[in-house]
Structure formats: C-alpha cells, structure tokens
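Index from 1, following the sequence. For clarity, every value in this text was computed on a predicted model and none was experimentally measured.
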Amino acid sequence: MSLLHVAIISPFLLAILVPFLYKYFRTIHTGWFVLVLPVLLFAYFIQFVSTNMHGETITKTANWIPSLGINFTAYIDGLGLLFALLITGIGALVVLYSIYYLSKDKEQLNTFYVYLLMFMGAMLGVVLSDNLIVLYTFWELTSLSSFLLIGYWYTREKSRYGAQKSMLITIFGGLLMLGGFVLLYMMTNTFSIREIITQVPDITQHALFIPALILILFGAFTKSAQFPFYIWLPDAMEAPTPVSAYLHSATMVKAGIYIVARFSPIFSGTPEWFWIVSAFGIFTMFWGSFNAVKQTDLKGILAFSTVSQLGMIMSMLGVGSAAIAIDSIDDGFYTVATTAAIFHLINHATFKGSLFMVVGIIDHETGTRDIRKLGGLMSFMPITFTIAIIGAFSMAGLPPFNGFLSKEMFFTSMTRVVEMDVFNLEALGLLFPIIAWVASIFTFIYSMVIVFKTFTGKFQPEKLKKKPHEAPIGMLISPIILASLVLIFFFFPNILAYTIIEPAMASVIPSLLGDDKHFHIHITPWHGFNLELFMTLGVIALGVVGYLSLRKWRSVYGLVPEKLTLNKGYDRALFTLDKSSSTLTKFYMTGFIRDYLAYIFTFFIILLATSLIITDGFEFQIAGTAPIGIYEAVLAAVMVIGTITVLFSKSRLTAIIALGSVGYSLSLFFVLFRAPDLALTQLLVETVSVALFLLCFYHLPEFKKKEKMLRFKLINLIISLGVGTIVTLLALSANSQRVSETISTYFIENSYELAGGKNMVNVILVDFRGFDTLFEITVLGIAALGIYSMIRLRVRKGEEG
C-alpha cells in the first residue's frame, strides 16, 4: 500500500483514535488533535500541483479483489487533485472553525469528529478512485457519514427528518448509479475509468450506453441537489453550521459535480448528455435562486443559493460538453463553459464557505437566524459584516470579487450556445442565456437580502435571545481566510489558470488535446463593453429594483399551494409507503408459522416451476444409475410410513417418535452410501432433537385435534403435493443432466494434496468451506452471548426486585 493510499484512509484511522483522545484529554478540545490531519493532507496533495501542470498523473494500485477486477487504484490527475485540495483545505478551515463553534463541555465531540473524519476520508476515496466499485463504496460512505452529521443533534425532530431525507434520496440515486457502473462494465469488461475512456469509440453505439448514462446522472443529480432532487438540501441545514459549511459548500454536494466532470470524457459529445446535464442544470439554477428569495432563515437562503449555484456549475459542464461534438479547442471559444465551471467550483467554495460561517457566527452570537428578527448588526459585528459583504457580493457576481469573473465567463458560455450548430440548438439555444440572466437577477436579490436585512436597518434587541457582539477571533480566522481568497482570486486569477484549472480541464475534455496542445486560459476582469457586461449591468439594475420592491411582489410565492410542492409530495409518498407497507405486513404477518410456511412454499413452487417451464430444464434419464436394492426400498418405505404417521397421529409422543424414525432411517441411508461421518452426525442430531422435542412438549397442554375446514385442508394438500412434485422433478432433472463437471471430482483429487487431510468431509468443512463454517460458529457464538446476556439481566432484575 502506497503513501497515497495511506493519505486516503488516514481520516478513517484517526477516527478510530478520536474517542480515546476525547476520553483521556477532556481539557483539550478534540478538534485540535483532528486539525493536524487535514493540514498535513493539504500539504501532501499540494505537492502534486507541479506534476499535474506538466501533464503527468500519479497512479498507485493496491490489490483488493483482483479476480473480479476490483482493486483500490488511487489516481491523481487535475480533476482529482482539485477536489482533494478542496476537501482537505476547506476541511482544515472547518475543523478550526468548529473548535470555537462547538463547546467541548456541551457537545459530544467524539462522535462529531468521528463522523467528520469518516466523511473526509469517503470524499477523498470518491475523487481519487479509478475503480468504479471502489468509487461506489466510498460514495455510499459519504451518504452514511453525511446522514450521521446532519442528524448530529438527534434529539431534534427536524435534524432526524433532514438526515433521513438526505439519506433516502442520495442512496436511491447511488443505487441507480451502481446500475450504471455495472452497465459500463458489461460494455467494456473493466471497472477502470481510464480504461473505459479508451474504449469510448467502441461503446457509444452500444444498446446499454444511454441507459448507463441516465443511471449515472441519477446518482450525480441526487447528490448535487439538482431539480427535482434538491428537496433534501434545505432540510439538511439542521446540521451544525460547520457541517453545512463543509458538506454543502465544498464537498458533498460537489460530489455529483465531480461525477459529471469525471464521466464527461465517456458521455460528452452525445446529445443526450448535453441536453440532460445543461437543461436540468440551468433550470435548477433558476429554481434555486427564485426560491431563495422567499426564505426567512439565513441558512435556508444559503441552502437554496447552493442549489442554484450547483445548477449553474452543472449547466456549464453540460454546455462545455458540446465542445467535444464540435471537436475543436478554438482558442477557448466553446471550452469557456468548462473553464468557467471549474473556476466557479473553486470560487463557490470560497464565498459560500465564508457565508455559512458568517451565518453560524450570527446564530451563535444572537441566538437566531431569522432575518425578520435581525437588523442593525453592522455596528456590533463589523468584521462579520465585512466578511458577509465580500461573500454575498461575490455570490451576486459583483466586482472586485472572484464570483464576478466566473459569472462573466458563465454569461459568455451561455451566449455562445446560440452560436452552436449541434444538437438542434438553433431552436432552443436562446433559452439558455435568457434563463441564466433571469436567475442571476434573483441571485443578486437574495445576496442583498443576506447582507442588508441582517446588518442594516432597525436593531431589534427584544427579538434576540442573546446580546449581539463580535465573534471571538478564533471563530473569525477561517471565514477571514476564505474572504481573503475571494479577493486574491479576483486580482490574481491566473495563479489558478495553469496550476489548477488547465489540468482539471485536461481531465474533463481530454479528447480535444492532441500532441503538444493545451487549453489557452487567461482570466481577466475587463473585456471591454461587451454583451456580458451589459447583462451584468442589467442584473444589477433589475436586482436593485427587485430588492427594494420585494414586499410588493413577494406575494407571488403564495400562488402555488403548499400541498402541491415537491416537499409535500415527498412527505405524502413516504407516508403512503409507510402505511401501505404496514397494511401489507399486517396481512401476511399472522403470527402462525403454518401461514409463513404456506407463503414460502407457494413462492417456491411458482418460482421453480416457472423456471423449469421457461428454460425447458426438466430431463429424465435412467442410464447409468445404480440399481435400487432391497435395503433402499425398505428404508424408503419406512420413511414414507413415518411421515404419514406424523400427519395423522393424535398424540404428540407418537408424532415425535414417527418423526425420529424418519431421521434415523435417513442416517441408515448414509451408512448404505458409505458416508459414516454423515451417518454419525445425523444420528447425534436426531437423538438430540428427539430428546429436546420430548422435553419441550412434555410441558405443553394436552394435544387436541381440532376439526379444520375442508378448504384449509385442500390448500395444505395442494401446497404439499406441489412442493413434493417440484423437489422430485428437480432431483430427477439434476441427476439426469450435467451442465458441468461434478465438483466431487475436485474434492476427491485435491482434499489430500491441497488441505493435507484424508477425511474428505472434514476437509470440505474446515478448509474448502472454512469461511462458511467460521460464520456458522460466529452466529452460534453471538446467539450464545445474547442468551447469556438476557439470563444475566433477568437474574439481576430479580435480585433488584
């Protein structure tokens, strides 16, 4: 295992130690121990920047299940490195922020940092895995750890609700994405993303190509909160603010963006990929920004703004994929959308992370996030106010902040859609810049709401739970760093151009790069008086009007009844599912074992009978079979008589003895067939079973035969005959045909050579089926511990009584 693998799993290793650090160093905030790791990881990953700049990648493989082509292959290219730096860099700032945000005396910090480290490690695994199955494993770990983080304050109903909602939606998408991965494997016979990319020309016309595309996008859209799956994100804001700042600005919600970017080399250039990604993205941008304006909770505003910004990035990735269809770099004319997507990905992490931390500070120092109760905080919290201006104005796309640069590039990419002559854009291409512009107006409005409704206007101390004051410097360090990056990336944007953005673009659209070619990236704040500048001026003008007249037109949000919203639809669907499952469960969970056996045997008959008929699997051959001797015939007759006696006996004792005779007869069959070990085992088991039955039934009431309805007997008869018939047909068919060589030959030839044992049955149990036997023993051990615990608890309760 390489150092790169250790870097990926190191958060999991530290998570194991966190409970001990929390227990034995209670006077020190556990976050100080945790903070060291993301700082070291950031320093480790940043050394690969120079490597990626020169077009080199790093690949390290650790064998996992090589027989199935599943290995832990860690792969660092431009895209993976970008996300690794975001995960560790923002992660370090979030941990530092949480040290001052979460009290070591009031919060269960051991569980918080365990969950946070689990999430950090899972995200690193997602973005640095080349193997699809390994990627999926880490993907589901992000869903699990985010569920735990969102529900950290589990005593709150809203926290539990938000955690459940996020898990149900994202795991649903993840399961569909796994289906897409399986389809890719069926087409390419490999789980390696890099190897799949090399086979793209051979699979684009495959019948499974489009289904794989759709299933993978389900996973990406659910995780990145695209319409209509965005509904989990606002409810996830019940998590502690450090969690929101980490998961919902830089990491978890960006995982879907990563999947779209990572799989763009496979699916880009197809009209299905372009239209699904770009159309859902641009509509999500509009829908998120439109709904953000009506929110009254600051975290609610940021939640919908995150939905909107993710839609913006997704739309740019979709539009940028058209460059592959055009198959030309064209000095960045069509690839500008991909450049803008990657650039805005970085910018969004900086300004949104700082804004989440600002909202956390406001909540921490005033006791509320409701903008109806806030106002006039500028004089009490001047540093927080300054950070809020930088973050919000950057999100609104105003200069001199980095959001302005990527927003201008976004406008450029949307206007160039009109000029594309692929995918029938001549008719619908004009919608892209129009929707983008309208959504940007709402973005401007809610950005102004965050700043001015909170920090200006009338101060309302009577509505606040705490007397407001500036946050401690420790809580301000992280947002100050992020706000500083917002300014630095505006004035010096090209420090990212060829160090981070260009290598990431080479990963997203590698087919456009031939020998000695690279993307021409030069970001500048001034491009003259062009269409994009006039669009920005229009956004500002209409945004100011919209903000000032917000009270007059806000009633438009009441036009859609609450019961018709997606959230209500989700709640109704969940309620209906719960009620239906409860009704169904009550229908078949009668409490009678005979009913359960009837269900099982009925399903058994239908499934196997259908399989035999459809596959024409029945065959009966008597050639080569051994003759039936007098002993076999007598034993078979005894077993039949014993079985019939069990059915019609009127005494429990008679039934138990008859049942025992069936078992003892079976052991004699093993003797005849030269299997003494099995015969001995059967005799012991049968003796113990008969003794236990006699002991148990001795204490039961006297056996009374009740008359049963004819219908009840008829159903039992049909099921019994059906099971007997199916088992007989299967046995005869299995004995009459061989689809492959019998496995007994392998055991006979290898028991002594491979396992060193002459007793083949023992060798099979201990060596060839060693794991099966081990698990059986483990189950018995767990059951024994459970029984022992219950007995001990009962004794202790009796002693106390």
Side-chain angles (χ1 to χ4, degrees), residues 1-13 41 45 48 52 56-84 87 118-145 170-171 173-200 202-203 206 208-209 212-213 215-220 223 251-252 254-267 504 506-508 510:
M1 184 174 289
S2 67
L3 183 59
L4 179 56
H5 289 100
V6 173
I8 295 173
I9 66 173
S10 59
F12 298 105
L13 300 177
L41 289 177
F45 285 117
F48 296 110
N52 283 166
E56 301 176 13
T57 58
I58 292 88
T59 305
K60 301 291 181 181
T61 299
N63 290 335
W64 185 20
I65 316 176
S67 60
L68 298 179
I70 303 174
N71 295 309
F72 186 7
T73 301
Y75 178 65
I76 294 184
D77 61 353
L79 184 65
L81 181 61
L82 164 61
F83 277 87
I87 293 164
M118 283 176 55
F119 180 80
M120 184 182 296
M123 278 300 304
L124 287 174
V126 167
V127 303
L128 298 177
S129 294
D130 177 63
N131 189 281
L132 292 176
I133 301 302
V134 177
L135 187 155
Y136 173 75
T137 302
F138 282 116
W139 179 274
E140 294 298 29
L141 278 175
T142 64
S143 296
L144 175 62
S145 52
T170 57
I171 286 184
L175 187 61
L176 294 178
M177 188 176 72
L178 176 61
F181 289 169
V182 172
L183 294 183
L184 281 179
Y185 177 80
M186 293 173 63
M187 289 185 282
T188 61
N189 199 34
T190 180
F191 286 117
S192 170
I193 299 175
R194 290 172 298 140
E195 293 178 11
I196 292 174
I197 292 174
T198 62
Q199 300 184 42
V200 168
D202 302 323
I203 65 174
H206 198 284
L208 300 178
F209 186 76
L213 179 154
L215 290 174
I216 289 173
L217 285 181
F218 263 112
K223 189 76 82 173
T251 51
M252 178 183 172
K254 299 285 178 64
I257 300 293
Y258 169 80
I259 289 296
V260 171
R262 177 59 76 195
F263 286 87
S264 284
I266 300 174
F267 298 112
S507 303
V508 178

Mind checking whether [X] and [Y] have side chains closer than 4.5 Å, heavy atoms only?
X      : Y      : value
Leu141 : Phe12  : yes
Phe45  : Leu82  : no
Leu176 : Leu217 : no
Leu175 : Phe218 : no
Val127 : Arg262 : no
Thr59  : Asp130 : no
Leu132 : Tyr185 : no
Met177 : Leu215 : no

Under 3.5 Å donor-acceptor, [X] side chain and [Y] backbone:
X      : Y      : value
His5   : Phe72  : yes
Ser129 : Val126 : no
Asn63  : Ile70  : no

| Any side-chain donor near an acceptor of the partner, Asn71 and Thr61, under 3.5 Å | no

| said: I need the Glu195 CD to Thr73 OG1 distance, nearest 0.5 Å. | reply: 8.5 Å

| task | Among Tyr258, Phe209, Phe181, find the residue that satisfies the ring pair (Phe, Tyr, Trp, His ring centres under 6.0 Å) test when tested with Phe263. | result | Phe181

| message | Between Asp77 and Arg194, does any side-chain N to carboxylate O distance fall below 4.0 Å? | response | no

| task | Return the minimal non-hydrogen interatomic distance between Ser507 and Gly78, and the atom names on each side. | result | OG-N, 3.4 Å

| task | Begin from the C-alpha positions of Ser10 and Leu41 and carry the test side chain to side chain contact (heavy atoms under 4.5 Å, CB included) through to its verdict. | result | CA-CA 9 Å; Ser10 59; Leu41 289 177; 3.7 Å; yes

| request: Apply the test side chain to side chain contact (heavy atoms under 4.5 Å, CB included) to residues Phe119 and Thr251: give CA-CA distance (whole Å), side-chain angles for both, the deciding distance (0.1 Å), then the verdict. | output: CA-CA 9 Å; Phe119 180 80; Thr251 51; 3.2 Å; yes

